[in-house]
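Counting starts at 1 for both ligands and their atoms, following the listed order. Being a predicted model, the structure only gives us computed values, none of them experimental.
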Amino acid sequence: MLDLLVRNVNLPDGRKGVDIAIKEGKIVQLAKGIEAAAVSEIDGQGYLASPPFVDSHFHLDSALSLGQPRLNQSGTLLEGIALWGELKPQLTVESIKQRALAMCRWSISQGTLCIRSHVDICDDRLLAVEALLEVREEMQPYLDLQLVAFPQDGFLRYGRARENLLRALDKGIDVVGGIPHFERTMSEGAASIRELCEIAAARGLRVDMHCDESDDPQSRHIETLTYETQRLGLNGRVTGSHLTSMHSMDNYYVSKLLPLMCEAGIHAVANPLINITLQARHDSYPKRRGMTRVPELMNAGINVAFGHDCVMDPWYSMGTHDMLEVASMGLHVAQMTSLKGMQQAYDAVTVNGAKVLGLEGYGLEPGCYADLVILQARSPIEALQLKPARLYVIRRGKVIATTPEQQRSIMLGGQQQAVSFSTGLI
Ligand code: FE2
């Protein structure tokens with residue numbers, strides 16, 4: 001007897017009208033017309049069943065703090081960091097936790113069940129670490145939360161960052177972070193990368209650095225991060241987040257850099273919503289877009305994911321943690337409007353993000369965890385076009401969120417007519 005049988009869904013790879021059989025929290029079979037009894041059944045109506053959305057770059061400690069203690073006037077990264085510094089003395093474990101839990105609920109309702117969140121460790125009380133470790137534990141039945149020890153004020157620039165980072169890792173933070181472009185000099189940035197990668201290698205941890213989040217074409221910390229990854233044998237376990245300086249780099253230099261990143265198995269995470277607004281604030285016209293070179297990275301064989309980064313905090317006033325909005329902005333900014341490009345944008349908020357996090361059992365195949373989202377759309381491209389309702393969000397074979405099917409009607413000439421947003425065009 002199955003626990004759950006999901007009938008008649010389309011899959012992101014193009015398979016149509018498939019049934020998904022689930023038992024003991026795992027997918028046991030995917031096929032058309034499965035004949036087996038189940039405790040419960042869902043009629044998928046030919047809608048898209050997707051593996052859950054993955055947000056590979058987020059900040060749960062600052063989410064939903066917009067306006068505290070004031071708004072970012074310049075719209076820059078640097079004023080955002082200063083503003084967050086003004087708020088830090090007023091934070092409590094409870095306030096961070098309540099905002100983070102509210103954010104997780106928003107995420108779950110929209111089918112995002114895997115989040116990598118950076119946690120600021122440049123607070124000697126480590127309040128955010130304490131709060132988010134509790135959130136990770138409480139949310140564990142519902143989502144995978146991976147935490148990065150993030151020295152927001154600089155690993156070498158902030159006096160107690162090294163000590164705090166090690167304390168955070170000892171408490172159970174999962175990943176080693178960094179911010180080399182915020183150190184005092186380029187050479188200190190490089191030194192911070194070296195030491196942080198050594199810490200990760202010694203502890204067997206992954207690395208995810210905010211790297212070159214700058215409009216400066218000479219900001220080349222990604223080169224050092226790639227070198228240290230090779231030197232320490234961290235291949236496949238290191239992520240460069242943002243990488244916005246690549247947008248402004250010389251084309252010849254990028255042509256040398258991309259193969260090096262590929263060799264080292266570096267993952268890249270672009271944050272399109274945030275970097276289209278934060279970057280190029282010093283430009284007149286034309287204004288640079290400020291997102292890293294997503295199609296070129298992908299074409300070079302590098303795994304690229306999209307992150308949401310922020311929701312209503314000192315860096316970004318918008319957002320609902322909808323990863324389809326992230327993918328949509330990413331494909332616009334990178335001009336990924338071909339069929340292949342749109343499919344790649346969908347991958348960037350699902351399977352590619354899972355590779356960044358190193359998730360096991362992710363995907364819609366027998367043996368994978370029964371974690372999936374059924375969307376009111378027929379395909380990944382239609383999902384990007386319509387940003388539809390997440391009808392069912394399923395975790396380990398149990399429905400943990402539902403949204404009713406959207407139905408709109410208009411009154412024309414005194415007649416009520418249903419409006420269908422299903423296109424079926426491609
Ligand atoms: Fe970030």
Side-chain angles (χ1 to χ4, degrees), residues 54-66 72 75-85 87-88 96 99-100 103 107 112 115-123 128-129 132 145-155 158 161 165 173-183 189 192-193 196 206-215 219 221-222 225 238-247 267-279 290-292 304-319 321 323 326 329-330 348-349 353 356-357:
V54 180
D55 185 358
S56 49
H57 187 113
F58 197 62
H59 294 262
L60 272 173
D61 50 3
S62 60
L64 301 175
S65 69
L66 182 67
N72 185 335
T76 61
L77 170 72
L78 298 182
E79 185 176 341
I81 294 174
L83 218 169
W84 175 240
L87 176 59
K88 268 195 248 188
I96 299 167
R99 285 188 286 99
M103 200 70 259
S107 310
T112 303
I115 302 172
R116 175 180 277 184
S117 174
H118 295 254
V119 190
D120 184 8
I121 54 87
C122 291
D123 168 2
V129 169
L132 292 191
L145 180 55
Q146 202 176 71
L147 300 174
V148 185
F150 174 47
Q152 173 74 78
D153 298 331
F155 182 64
Y158 181 79
L165 184 129
I173 298 291
D174 308 284
V175 178
V176 177
I179 186 165
H181 55 275
F182 195 66
E183 304 292 351
S192 76
I193 294 170
L196 287 161
R206 288 173 176 261
V207 174
D208 187 341
M209 293 202 190
H210 286 64
C211 191
D212 299 325
E213 190 179 3
S214 149
D215 296 317
S219 187
H221 294 300
I222 181 58
L225 184 63
V238 174
T239 298
S241 281
H242 294 289
L243 304 175
T244 54
S245 72
M246 282 184 77
H247 187 92
H267 303 273
V269 175
N271 297 294
L273 292 170
I274 275 48
N275 288 127
I276 197 67
T277 52
L278 284 184
Q279 303 312 126
M291 189 170 80
T292 194
V304 184
F306 290 155
H308 203 301
D309 200 5
C310 305
V311 168
M312 300 186 209
D313 73 0
W315 295 274
Y316 189 58
S317 308
M318 310 291 288
H321 214 200
M323 295 309 293
V326 174
M329 179 61 79
V349 294
V356 170
L357 270 67

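Under 2.8 Å from the Fe ion (ligand 1) lies no N/O/S atom of E213, from backbone or side chain alike. Because the distance cut-off is set at 2.8 Å, H210 qualifies as a neighbour of the Fe ion (ligand 1) through one of its N, O or S atoms. Among the backbone and side-chain atoms of H59, an N, O or S atom lies under 2.8 Å from the Fe ion (ligand 1).
Ring centers of H267 and H57: at least 6.0 Å apart, outside the cut-off. Close placement of the F58 and H321 rings is indicated, their centers lying within 6.0 Å of each other. Aromatic rings of H242 and H181 (six-membered ring for Trp) have centroids beyond the 6.0 Å cut-off, not under it.
Among the heteroatoms counted here (N, O or S) of D309, OD1 is the one nearest to the Fe ion (ligand 1).
Judged by distance alone, with hydrogens and angles left aside, the side-chain atoms of S56 form no donor-acceptor pair with the main-chain N or O of G353 at under 3.5 Å.
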